[in-house]
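Inspection log for the structure reproduced underneath, given as structure tokens.
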Amino acid sequence: MKHITCIDDLRALHKRRVPKAFFDYCDRGSYAEETLRANREDLQAIKFRQRILVDVSRRDTSTTILGEPSTMPLILAPVGLLGMQHGDGEIHACRAAQAAGIPFTQSTMSICSIEDIAANVEKPFWFQLYVMKDRGFIKDLIQRAIAAKCSALVLTVDLQVIGQRHADIKNGMTVPPEWSLSKLLDFASKPAWVSGVLRGKRRTFGNIAGHVKNTEDLNRLAEWTASQFDTSLNWKDVEWVRSIWPGKLIIKGILDVEDAEEAAKTGAQALVVSNHGGRQLDGAPSSIEVLPEIVDAVGSKMEIMFDGGIRSGQDVMRALALGAKSCMIGRAYAYGLGAGGQAGVAKAIDIIQKELLTTMGLCGVNKVDEIDDHIIAV
């Protein structure tokens, strides 16, 4: 990790070390990937005001997220299949986040189970929930998160219909992977990855295994999972989740002011402005494009988090300047995980924190709560 200087370096190393199907699962978006590209391009179009001769000797990235102290306004977002980027990937990512003093969010579609992570880390973590058709299973999953002392529930609401990801179809992406000669050759060229995944606790969806009968039949498990995404999901289901979950609730996947206003009525403490990393509705606006209007509409009622295209501390600064209180990263730390396990995730977090600290200094800012649209060049 000595010569890694940026998230793009981690991405390049990830691409070399992890089989193509799993790298592409992390890296690519839906359909023509217009929204995936817009997330990055629209962030990069925002320019800073460089300020000089300002005392910036007291710079500090610390803040609070949902009332809890955090060393920086950064959260590791829920990412599915981390355990296929690196053996026990969810545990390693959570440990790196906790060592850095920031929240980690486990995905429903993780390889390690809630209980696997809870038994192997020192502090509570966040859990991300998809509401599936089998409400009994979802209620049980929420209760498992309560038993594991998860400190927040992130309810993802933008996946009732799944956007097609061309790369996954072309790669025959399954968990565990379907075997073919090209995949065998790909895997054989990455012995460290193979060894790590084989040493991992699981190689299938840990939160679902045990619920579906005959989970040793992996095709059956995959079919059940694919059939469970619920097109009837609506705001009443948020109320139902709220009635079971006693803790802090975050609604993730808001891109529209009207939806943000509805979210504010639910009693949720926060929402995440997100287009699912460009993996769902292709042609949707970038997250940064809609952030200011959502902040204006409900920022006084609930905490606004940002997700979509963050690859640097500069990007974090941009989102904070437009009203976000904190930012989620997904691909940025998944690249680190694939590149170097826990050390790679730690490197990704460290890169972003140092870039944020430097950008604050060059914009004449000492504290996170001083960051606003005055630092943006117009």
Side-chain angles (χ1 to χ4, degrees), residues 1-19 22-27 40 43 59-63 65 70-107 110-112 117 120-123 125-126 190 192-193 195-197 199-200 277 307-319 326-361 368:
M1 294 293 156
K2 181 180 178 181
H3 299 293
I4 297 291
T5 61
C6 60
I7 299 300
D8 280 347
D9 287 349
L10 289 173
R11 179 184 180 276
L13 192 54
H14 179 196
K15 188 174 183 178
R16 290 201 301 271
R17 291 185 172 178
V18 173
F22 295 112
F23 173 79
D24 282 353
Y25 172 81
C26 168
D27 189 61
R40 293 292 303 128
L43 275 168
R59 283 169 294 143
D60 181 5
T61 63
S62 64
T63 187
I65 299 176
S70 182
T71 57
M72 67 187 109
L74 195 70
I75 302 152
L76 298 196
V79 177
L81 278 65
L82 287 179
M84 301 307 290
Q85 304 295 345
H86 187 280
D88 290 336
E90 291 86 4
I91 293 171
H92 291 294
C94 189
R95 285 174 173 169
Q98 292 187 352
I102 64 173
F104 167 81
T105 317
Q106 182 193 9
S107 169
S110 60
I111 300 300
C112 291
I117 300 178
N120 286 278
V121 301
E122 297 180 355
K123 301 173 185 177
F125 52 94
W126 295 3
K190 298 169 177 66
W193 176 87
S195 175
V197 169
R199 289 197 307 269
D307 169 70
I310 297 287
R311 298 290 186 276
S312 66
Q314 292 90 333
D315 291 336
V316 172
M317 188 89 159
R318 290 167 170 132
S326 58
C327 295
M328 285 187 167
I329 56 170
R331 289 182 176 90
Y333 85 86
Y335 294 149
L337 182 67
Q342 184 173 332
V345 178
K347 184 68 174 180
I349 296 168
D350 182 62
I351 286 169
I352 289 176
Q353 184 174 33
K354 287 178 177 175
E355 289 172 343
L356 175 59
L357 199 63
T358 297
T359 308
M360 288 169 63
V368 167

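We use all heavy atoms of the structure for the numbers below, so side chains are in, but hydrogens, waters and symmetry mates are not.
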For the residue pair [X] and [Y], what are the closest heavy atoms and their distance?
| X | Y | value |
| --- | --- | --- |
| Pro103 | Ser70 | CD-OG, 4.0 Å |
| Val18 | Phe22 | CG1-CB, 3.8 Å |
| Gly80 | Tyr25 | O-CE2, 3.5 Å |
| Cys26 | Ala334 | SG-CB, 3.6 Å |
| Leu82 | Ala93 | CD1-CB, 4.4 Å |
| Met360 | Val368 | CE-N, 4.0 Å |

Taking the side chain as every heavy atom from C-beta outward, state whether [X] and [Y] have any pair of such atoms under 4.5 Å apart.
| X | Y | value |
| --- | --- | --- |
| Met328 | Pro78 | yes |
| Tyr335 | Asp9 | no |
| Asp307 | Cys327 | no |
| Ser312 | Ile351 | no |
| Phe125 | Gln106 | yes |
| Asn120 | Arg95 | yes |
| Ser62 | Thr71 | no |
| Val345 | His92 | no |

Revision key, fill the gap. By side chain to side chain donor-acceptor pair (under 3.5 Å), Arg40 pairs with (sequence neighbours left out) Asp315
Point to revise | For Glu90, side chain to side chain donor-acceptor pair (under 3.5 Å) partners two or more places apart | key: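 Applying side chain to side chain donor-acceptor pair (under 3.5 Å) to Glu90 gives none.
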Study note, to complete from the structure: Those residues at least two apart in sequence (or on a different chain) that pass side-chain contact (heavy atoms from CB on, under 4.5 Å) with Val197 are Met84, Trp193, Arg203
Check your understanding: Where do Ile102 and Ile75 land on the side-chain contact (heavy atoms from CB on, under 4.5 Å) test, with the steps shown first?
Key -> CA-CA 6 Å; Ile102 64 173; Ile75 302 152; over 6 Å; no
Practice item. Determine which pairs satisfy side-chain hydrogen bond (donor to acceptor under 3.5 Å, both in side chains) with at least one residue from residues 343-356, sequence neighbours left out, and list them in order. Key: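 Applying side-chain hydrogen bond (donor to acceptor under 3.5 Å, both in side chains) to every pair that reaches into residues 343-356, excluding sequence neighbours, yields Thr61-Gln353, Asp350-Lys354.
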Nearest 0.5 Å please: distance from the [atom1] atom of [X] over to the [atom2] atom of [Y].
| X | Y | atom1 | atom2 | answer |
| --- | --- | --- | --- | --- |
| Ile352 | Tyr333 | CD1 | OH | 11.5 Å |
| Leu357 | Met72 | CG | CE | 10.0 Å |
| Gln85 | Leu337 | CD | CG | 6.5 Å |
| Leu74 | Ile329 | CG | CD1 | 4.5 Å |
| Ile7 | His14 | CD1 | NE2 | 12.5 Å |

Review point. Excluding sequence neighbours, so at least two apart, what forms salt bridge (charged side-chain N to carboxylate O under 4.0 Å, His left out) with Asp27?
Key: Arg11
So, does [X] use its side chain to make a donor-acceptor pair with the main chain of [Y] at under 3.5 Å?
| X | Y | result |
| --- | --- | --- |
| Thr105 | Leu76 | yes |
| Arg17 | Ala12 | no |
| Ser110 | Ser107 | yes |

Review point. Any ring pair (Phe, Tyr, Trp, His ring centres under 6.0 Å) pairs touching residues 336-358, not counting sequence neighbours?
Key: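 Residue pairs passing ring pair (Phe, Tyr, Trp, His ring centres under 6.0 Å), neighbours aside: none found.
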**Study point:** side-chain hydrogen bond (donor to acceptor under 3.5 Å, both in side chains) between Gln342 and His86, intermediate numbers included
**Key:** CA-CA 9 Å; Gln342 184 173 332; His86 187 280; over 6 Å; no
Review point. Within a radius of less than 6.0 Å around NZ of Lys190, do more than 12 heavy atoms belonging to other residues, nucleotides or ligands occur?
Key: yes
